[in-house]
Amino acid sequence: MTLTLYNTLSRDKEEFVPIDPDRVTMYVCGPTVYSYAHIGNARPAVVFDVLVRLLRHQWPRVIFARNITDIDDKINAAAAEQGVDIGEITAKFEKIYLEDMASLGVAPPDIDPHATDHIPEMIAMMERLIEEGHAYAAEGHVLFNVPSYSDYGQLSKRDQEGLLAGARVEVAPYKKDASDFVLWKPSTSDLPGWDSPWGRGRPGWHLECSCMIEKHLGRTIDIHGGGVDLVFPHHENEIAQSTCAHGGETFVRYWLHNGFVNVDNEKMSKSIGNVLLVHELLKQAPGEAIRLALLNAHYRQPLDWTDRGLAQAKRMLDRLYGALRTLGDIDTDPDAVPSAEFLAALNDDLNTPKALATLFDLARQANTASDVGEKSHIKGALLTSADLMGLLQHSADDWFAGGNGEHDGIDAEEIERLIEARHNAKADKDYAEADRIRDELASRDIFLEDGPDGTKWRRT
RNA sequence: GGCCCGGUGGGAGAGAGGCUAUCCAGCGGAUUGCAAAUCCGUGUACAGCGGUUCGAAUCCGCUCCGGGCCUCCA
C-alpha cells in the first residue's frame, strides 16, 4: 500500500519512497531534559510513534533515532539554581521523560543519541564548515555564515531579506551577517564546557542534530520530524549545516511537522500557568486515553486540549474495550492483519481520526456478529489494527478495572464477593437486596453489567 | 510588515465537486427483574457574500473572525 506524507519542504502530500527500502531512516527531535514533560512534548512523541509502527509494518527494517538534548542554557540555569551538576538534572528528567512516554505507549527509539556524547563530532563538523567557507570563528564563537548557503530558507519559505526585516534580536557585533547563527559559544568557568580549537565552550542548539544524524543514520535520511515551531530556525539551520558539510548532498527527503497543542484555546506557557504535565494528567486518566486524545485530531492540525476532550477519549476507549469484552474468550484469528480500511487511512498522511472511525466500525461488527469464525476474524482485525496506533494494549477486564487512573479502596476480590452475594440474592428473587448491593458498589464507582456470561463490572 | 495555517451539527473531528464519516452528549425504541452494555432509529452542520458548474462544505474571488512562526519553544 502506498504511504503518502505531507512534506513541509514541498507543502504537499507526496508518495513516500525510501532511498533504501531495506533500511528506512527516521529522526525526530527529542526533548531538552530540564523539567517534566508536558502534553505538548507528548504530541510529537506519540504521533511519530504511530508513524514508526506503520513504517515497521510495511518495511522490513526501520531505524528510528530520537535525541536527548542534555546541554542547553535552560539546563544550565536549572543546575545553577539547584546547585547541582547538569548531569543530575538531565539524568533525572530523561528518566522521567521516558517513563511518561512509556505510560502513553510510546516505544523507545532504536537509538537515543545524547548531545554531550557527540562533542568531537560537532567539532569535526565545524572544522569542515570553516574549511569550506560556510562558518567562521569570532571571539570564541563559531558561527554559520547564512549568506554562504544560497538555498537558505527553503524549508520555512523565507528569503534572507525577510529574515533581516523580521530580526527582533540585537545583532551581536562579532557576526558577519545579522542572520548568522551560533554553532559554538564560549563558556565561562562557572558554565559547563568542553575544550575546542576555539577555546573552552559549549555547542549551540542546532548542530547536535546534524552531527547525530550523520553519525547514526547517514548523510541523507528519509524522514525528519518535530513540532511546527522547529521549522524555523532549528530545522532550517540543520539543513544549512548538513548540506554545506556534505558538499550539497540532500539531507532529509521528507520533513514532517506536528501541530501545536493549546490548552483551553490558549498557548501553553509558564506565565499563564497552564502547562499541563504528563505525569499530572496520568492521575486524571489512563495513559492510553491521553494517547487517544492526542490521536483524535490529525497530527498537522492544532489540538485544543480540554478536560472534556480527555474524558471523551476515555469513553471512546470504553466503547472499543467494550467490544473486546463482548468478544470474550473468542480466539483471535492467528492470521489476523489490520483491516484494509484502517491501513488506507493511516497511509493517507497518518489520518488517525479516519483510522479511528474504522476501528469503531469493527467494534460495531464485533457487537453484532454471531458466527464464531466471524468474531475471531473481527477480533484479530481490531487488535492488529489498534496495535498500529498503540491502542487496546490492555485486556478488557484490566481496562474496566482501572477506571480513570488513580482510584481508592475497593479491590477486585471484594467486588467479586459482593457480585456473588448479589447473584445469590437474585436467585432468591430478593431484588431489594440485589439492588442494595448494586447501589453500594455504585457509590464506590463500581458499575455492574449483567450479561449472559455472568456479571461484569467496570470502575469509573 | 513577511511567511503559513484554520473557521464543519450541542461538543470533538474526518472529508475536499454529486455517495450515511465516526465518536461523545441528547432524544425515541428494542433488550433488561431494575440497570448497564449493546442494537435500531433520530439531529434543517459546513463563517459570510459573490462567482465557476447540470451540481459547491469541497474550486475561484472578496469580506469577517481565530491561530502559528519570524533566531528560547514540541
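Numbered from 1 within each chain, the chains take letters A, B, ... in sequence-line order. Since the structure is predicted, the reported quantities are computational estimates derived from the model, not experimental observations.
Residues passing the ring-ring contact (aromatic ring centres under 6.0 Å, His included) test with A/His234, sequence neighbours excluded: A/Trp205, A/His206. Scanning for ring-ring contact (aromatic ring centres under 6.0 Å, His included) contacts around A/Phe64 gives an empty result, with sequence neighbours left out. Partners of A/Tyr27 according to the ring-ring contact (aromatic ring centres under 6.0 Å, His included) rule, which considers only residues two or more places apart in sequence or in another chain, are A/His224. Not counting sequence neighbours, the partners of A/His377 by the side-chain contact (heavy atoms from CB on, under 4.5 Å) test are A/Asp333. With sequence neighbours left out, A/Tyr254 forms a ring-ring contact (aromatic ring centres under 6.0 Å, His included) with A/Phe16.
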For RNA chain B, what string of dots and brackets results from 5' to 3' when Watson-Crick and G-U pairs need both distances under 3.5 Å, crossing pairs get [ ], and pairs with another strand get |?
(((((((..(((.....[...))).(((((.......)))))....(((((..]....))))))))))))....
Under-3.5 Å N/O pairs linking protein and nucleotides 45-47 of chain B:
none

Listing time: all N or O pairs from protein to nucleotides 24-28 of chain B that are below 3.5 Å?
residue : atom : partner  : partner atom : Å
B/A25   : OP1  : A/Arg315 : NE           : 3.0
B/A25   : OP1  : A/Arg315 : NH2          : 2.8

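Residues A/Glu433 and A/Arg436 are paired through a salt bridge, judged by an N-O separation under 4.0 Å between the basic side chain and the carboxylate.
Note on A/Leu356: nothing from the nucleic acid sits closer than 4.0 angstrom, heavy atoms only.
When the P atom is compared between B/C39 and B/U44, the two are found 23 Å apart, to the nearest whole Å.
The ring-ring contact (aromatic ring centres under 6.0 Å, His included) contacts involving residues 304-324 of chain A comprise A/Tyr321-A/Trp399, where partners must be two or more places apart or lie in separate chains. Judged as a salt bridge (Lys or Arg N to Asp or Glu O under 4.0 Å), the pairs with a partner in residues 104-116 of chain A (not counting sequence neighbours) are, in order, A/Arg56-A/Asp110. Sequence neighbours left out, not one pair with a member in residues 224-242 of chain A passes salt bridge (Lys or Arg N to Asp or Glu O under 4.0 Å). Contacts classified as salt bridge (Lys or Arg N to Asp or Glu O under 4.0 Å) and involving residues 369-392 of chain A (residues at least two apart or in different chains) are not found.
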